[in-house]
Structures are given as C-alpha cells and as structure tokens.
Amino acid sequence: MDMIDEFRRRGLLADATEHAPAALNAGQVTGYIGFDPTASSLHVGSLVPIMGLVHLQRAGHCPIALVGGGTGLIGDPSGKAQERLLLDRARAEENAEGIRKQLAAFLDFDSRTNPARMANNLEWLGELGFVDFLRDIGKHFSVNAMLRKESVRRRLADEESGISFTEFSYQLLQSYDFWELNRRYGCTLQMGGSDQWGNITAGIDLVRRLGGPRCHGIVFPLLTASGGAKFGKTEEGTVWLDPDRTSPYRFYQFWLNAEDADVIRYLRLFTLLGEPDLAALEHAVAESPHRRDAQRRLAAEVTRTVHGTDGLERAERASRVLFGGSLEGLGAADIEEIFADVPSTGLARSALDGPGIELAVLMADAGMAASRSEARRLIRGGGVYLNGSRATDTGVRVGAAHPLHERFLVVRVGKKRYFLVELD
RNA sequence: GGUGGGGUACCGAAGCGGCCAAACGGGGCAGACUGUAAAUCUGCUGGCAGACGCCUACGUAGGUUCGAAUCCUACCCCCACCA
C-alpha cells in the first residue's frame, strides 16, 4: 500500500520532502512524531499526528511516538507569540507518562513485524553536557540560517516579547532528537504539523552532516473547523482524550455535533473507514442529513478507539436518553448511570425545606451559570429546564416536591448542557 | 531624546462634562425554525437586588466640578514621524 497516496487521499498531506515517497515504497521505514508534554493529556487536536503514526504502522512501517520530556522543559517557539512558561522536570515527566498511556490506544506495541515504540527525549537530553553539545552538534548549525526561520523572525521583529536563548535553541534540540532516534532505532522519517516544517528539515540536515543516512519529512495540514473556528474547542473548553478531563459522553457529543460540511473530512482524517464506507456516508449526508448517520459513525468510531467499547456504549446510551425520550420512567439507578459523565454537584437536602431555593441561586452556586444575574437571564430567555420542563419565570423556586426519586434534580441549559444535582 | 496620535467592556471601534453600564460591528449565550447541522431571524451579553435602587467599570494615581469615560496634572504603556 502506498502510504503517501493514503495520506493524500485522506487529506493528511500538506508537504513532504522530495525523496520521502520513494523511501517509503522501497522498504520498511522507522518514523517518529514528537508530542509536547505541556499538559498531562492529549486533546483532539493531537489526533491528526496520532493518525499519522497509525497509518505509518498500517503501511508496515515502524512508528515511534516521542514524548518530549526534555524539550517540554524548553518550549517550541513555533506558532507561539510569546515566551512559553517552562515546565519543571517532575511535571514534564508526569505529563509524558499520561500521554504514553493515551497513545497506547492507537498504536500496536506488540506487533512482531513492526511494533510501535515510545521514546522520551529526556533520556538523552537529560544527560547532555553543554560543552559536548556545542562541540558536536552546535557547530553544525548556522546562526544565519536559524535566524531566517519564520518562527524566529517573527519573534525577533516583535521588540516586546523577543525570544530567549532557550527557545531559540529549541530547533537544535529537536534536530538532535532526530539524530538520536536515527542512531538508536534507525529512524529516518519525521512527521508533524505543517508548523514543524522548519524544525524537521533542520533535523534532516543535521543527520546528514553527522554522517547519517538521508532522512525524510512529512507534514500535516493545520486543521480548522469550516466556520474558521479553532478545531477542538467548545464552550466547555478543550476536548481532551483523558476521560477525567473530558468525559466519554462529552467526547462523543463533540463529534456528534460536527457540521455537515466537516463531517466527511473528519471521517477521512480520524477514522480508518475505507472509500466505500466514506462514499456511502457522504451520500447519506446529502440525501438524509437529518439522520446524522455520518456524525453518528464518526462519534462512534473515535469514541470507541479512545474510550473503548464500554465508554462508547455509555456515551450512546446517555445521548439517547438525554436527546431522545423523556426523563420520566427512569429508575434511580438509570439516572445515576446516565448522568455519571455529566457535570454534577451535591446539595444539602435541607436547602429545599420551606420555600425552597431559588432556581437561579441554585444554578449559580452549582456553577451552571457564572452569576445569579446570568442564571436569571437564561431563565428569562427560556433556556433553562428543570427535570425536563422549561422554567417559566425567574422567580422559580425548587422545593421538596421537585427531586426525582427524592434524590436528583436535572437542570438543562440550552439544548445540550445538562447538570445533575444530587441531594445528600 | 523631540513632536504628534492613542490607551474604552471578550475583540474591533464610537462617545469627548449630566440623557453613559457606555452607540455600532464581531464573538459568545439563549430562543424560533430545523436534524443535537448550516444559514436566517429575535433576545441577552458587569455584579448584588430584581420594584425603586445600590456597587464596581472607560491605562494608573491624584485634582477641578453639584456631577467626569469625557476637563486639568503627573506617571506608565502603545503607534507614527523626526533625531
């Protein structure tokens, strides 16, 4: 199978070095992508490079996921307008460990022929002596060339933020990673987002200067939603792969809400569905868009990969109940399970005594609205539902008669945002 | 260093003594329509009360005035031109 063609067909290819296609067709190649451990979890924006490694492995090559435990200590200036905050060493290692686990859901580490591999550049960067580094690596870099890099130029032009020596050196370290991976594992390919092009080619040059083999680079396009919005952000913030940060239910909902204009493109990028399936789904979007078949498939595929069959089933079940039928007839156990992934708060039972508590106050206290005023605005606008029925005026109070099964209050804001209040 | 222009809510941008919690546009949220889509239309978009009202907010700190985003002084920052 021609991997470059596969990339191109799926919209994963922004650019590649001249000899990359030939090298990939000539035999097994080991390639890597670096993941930046600024946070302890990857988010959906990282899925493009992850899928890059998945396709690499499926084509019979060996993928390496490099977790930047060392470079995370430094910070890449690419695409950043300001000097980054530095991570301390313990945090960087902790984050690297979290990312390692998430990647394991996508890649096969036990293959006999072409297993995936994890690497952490802290292994070599941590040991690196400054003088040795300058002598062996630094001498191969021309400051003139480094200064010409777009990412560096932009920061130099901005008198305000400038660029520190530390960040300026980032491209040396990333290049050095490539060299180390080549030495240790015979890695001859680096992939990454298109903003990484400069760093990747610098690495290729370094390996060549140090007497290594010809290496190659492939970069992915930057991903946007069709509205021009940032991909992977919702009102709730970043969509993470970590179920403790973004529940499987919300993760599933994120994909289900993909626009018609984006959904086929996303299916191509984020799932392994083949052309016949894609064509059928594209047809479904055109013919009967209200069924959302493509969105459902997208959500199911990605959620299953990241959160497993269990996570997917819970998310689908919760979605059916929350957007399908009514809350009536649900047992206490059902409610508990369905809302397990939905934001929830506790409330003292005594708050409902006597006249009860004003709904707006409850909402603000539970974090459903930023303030009481905002909660009242939402109610006035008709956007708040208590146990499935619309709150009609701002004076609504919640009393002892409201709780379902004497334990639960279900508050909904807008069409999609649910909150569960459990009485203690 | 000099001269001129400017710093207004999430962003852009009006206002230039009271009618300013601040026009307008964007963004965001909610409603209607739909398909948990897009487009469109409507409403809302500082806080506490929600009846009046009170508090905080137009770079920072003072001042003038019954009253300041608006006038004065100092300071900080940005931009343009000159050196």
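Just so we're on the same page: letters track the sequence lines, and every chain starts at 1. Keep in mind it's a predicted model, so treat the numbers as computed, not measured.
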Practice item. Would you mind classifying the nucleic acid contact of A/Arg380 as base, sugar-phosphate or nothing, using non-hydrogen atoms under 4.0 angstrom? Key: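 Base, at least one base heavy atom under 4.0 Å.
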Check your understanding: Counting any heavy atom closer than 4.0 Å, what does A/Arg377 reach on the DNA or RNA strands: base, sugar-phosphate only, or nothing?
Key ->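 Sugar-phosphate, no base atom in range.
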Point to revise | Note, A/Val263 side chain near A/Arg297 side chain (heavy atom, < 4.5 Å) | key: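 No, every pair of side-chain atoms sits at 4.5 Å or beyond.
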Point to revise | side-chain N/O A/Lys415 vs B/rA37 OP1/OP2, d < 4.0 Å | key: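 Checking A/Lys415 against B/rA37: no side-chain N or O falls below 4.0 Å of OP1 or OP2.
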Distance-only criterion, 3.5 Å: show the donor-acceptor pairs between side-chain atoms of residues 137-145 of chain A and protein atoms not counting sequence neighbours.
from: A/His140; atom 1: NE2; to: A/Asp136; atom 2: O; distance (Å): 3.4
from: A/Ser142; atom 1: OG; to: A/Asn144; atom 2: N; distance (Å): 3.1
from: A/Ser142; atom 1: OG; to: A/Ala145; atom 2: N; distance (Å): 3.0

Check your understanding: With a 3.5 Å cut-off and no angle check, do the side chains of A/Asp353 and A/Ser350 form a donor-acceptor pair?
Key ->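 No.
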Review point. From B/rG35, B/rA38, B/rG31, pick the nucleotide closest to the side chain of A/His290?
Key: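 Minimum distance to the A/His290 side chain belongs to B/rG35.
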Review point. Is the centre of the A/Phe270 ring less than 6.0 Å from the centre of the A/Trp255 ring?
Key: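 They qualify: ring centres under 6.0 Å apart.
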Check your understanding: If you measure from the C1' atom in B/rG2 to the same atom in B/rC71, how many Å do you get, rounded?
Key ->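 After rounding to an integer number of Å, I get 26 Å for this pair.
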Check your understanding: Which one, B/rA30, B/rG47, B/rG35, comes nearest to the side chain of A/Pro289?
Key ->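 In terms of side-chain proximity for A/Pro289, the closest of B/rA30, B/rG47, B/rG35 is B/rG35.
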Point to revise | Distance, rounded to the nearest Å, where A/Tyr252 contributes OH and B/rU36 contributes C1' | key: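 Distance check: A/Tyr252 OH to B/rU36 C1' gives 11 Å.
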Point to revise | N/O (side chain, A/Ser373) to phosphate O (OP1/OP2, B/rC48) under 4.0 Å | key: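 Yes, within the criterion.
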Check your understanding: Counting just side-chain N and O atoms, does A/Arg376 come under 4.0 Å of either OP1 or OP2 of B/rA49?
Key ->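 Yes, within the criterion.
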Exercise for review: May I ask you to say what A/Ser288 touches in the nucleic acid, namely base, sugar-phosphate or nothing, with a heavy-atom cut-off under 4.0 Å?
Suggested key: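 Nothing, no heavy atom under 4.0 Å.
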**Study point:** B/rG47 OP1/OP2 closer than 4.0 Å to side-chain N/O of A/Ser371
**Key:**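 For B/rG47, OP1/OP2 do have a side-chain N/O of A/Ser371 under 4.0 Å.
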Review point. At under 4.0 Å between heavy atoms, what does A/Arg412 touch on the DNA or RNA strands: base, sugar-phosphate, or nothing?
Key: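 No contact.
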Check your understanding: Does the separation of the ring centres of A/Phe133 and A/Tyr176 fall below 6.0 angstrom?
Key ->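 Yes, they do, as the ring centres are separated by less than 6.0 Å.
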Practice item. Describe the nucleic acid contact of A/Leu378 in one word from base, sugar-phosphate, nothing, applying a heavy-atom distance below 4.0 Å. Key: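 Since only primed, P, OP1 and OP2 atoms lie under 4.0 Å of A/Leu378, the category is sugar-phosphate.
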Check your understanding: Does the side chain of A/Gln174 come under 3.5 Å of the side chain of A/Asn199 through a donor N or O and an acceptor N or O?
Key ->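 Yes.
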Check your understanding: Where the side chain of A/Arg417 is concerned, which of B/rG47, B/rA30, B/rC33 is the nearest nucleotide?
Key ->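 Shortest atom-to-atom distance from the side chain points to B/rA30.
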Review point. Dot-bracket for RNA chain B, 5' to 3', with Watson-Crick and G-U pairs under 3.5 Å, [ ] for crossing pairs and | for other-strand pairs: what is it?
Key: ((((((((.[[[..)..(.....]]]((((((.......))))))(((....)))...[[[[[..)....]]]]]))))))).
Practice item. Can you tell me, in whole Å, how much space there is between the P of B/rC52 and that of B/rU34? Key: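 One P to the other, the span is 37 Å.
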Exercise for review: Could you check how far CG of A/Asp393 sits from P of B/rA30, rounded to whole Å?
Suggested key: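 From A/Asp393 CG to B/rA30 P: 20 Å.
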Exercise for review: Return no unless some side-chain N or O of A/Arg372 is found under 4.0 Å from OP1 or OP2 of B/rG50.
Suggested key: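 For A/Arg372, the contact criterion (side-chain N or O under 4.0 Å from OP1 or OP2 of B/rG50) is not met.
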Exercise for review: Output the single nucleotide from B/rG35, B/rA32, B/rU36 whose closest atom is nearest the side chain of A/Gln295.
Suggested key: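 Given the options B/rG35, B/rA32, B/rU36, the side chain of A/Gln295 is closest to B/rG35.
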**Study point:** Results of side-chain hydrogen bond (donor to acceptor under 3.5 Å, both in side chains) for A/Glu422 - residues two or more places apart only
**Key:**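 In terms of side-chain hydrogen bond (donor to acceptor under 3.5 Å, both in side chains), with neighbours along the sequence ignored, A/Glu422 is linked to A/Arg407.
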Review point. Is a side-chain donor-acceptor pair under 3.5 Å present for A/Gln57 with A/Ser111?
Key: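 Not at all, the side chains of A/Ser111 and A/Gln57 share no donor-acceptor pair under 3.5 Å.
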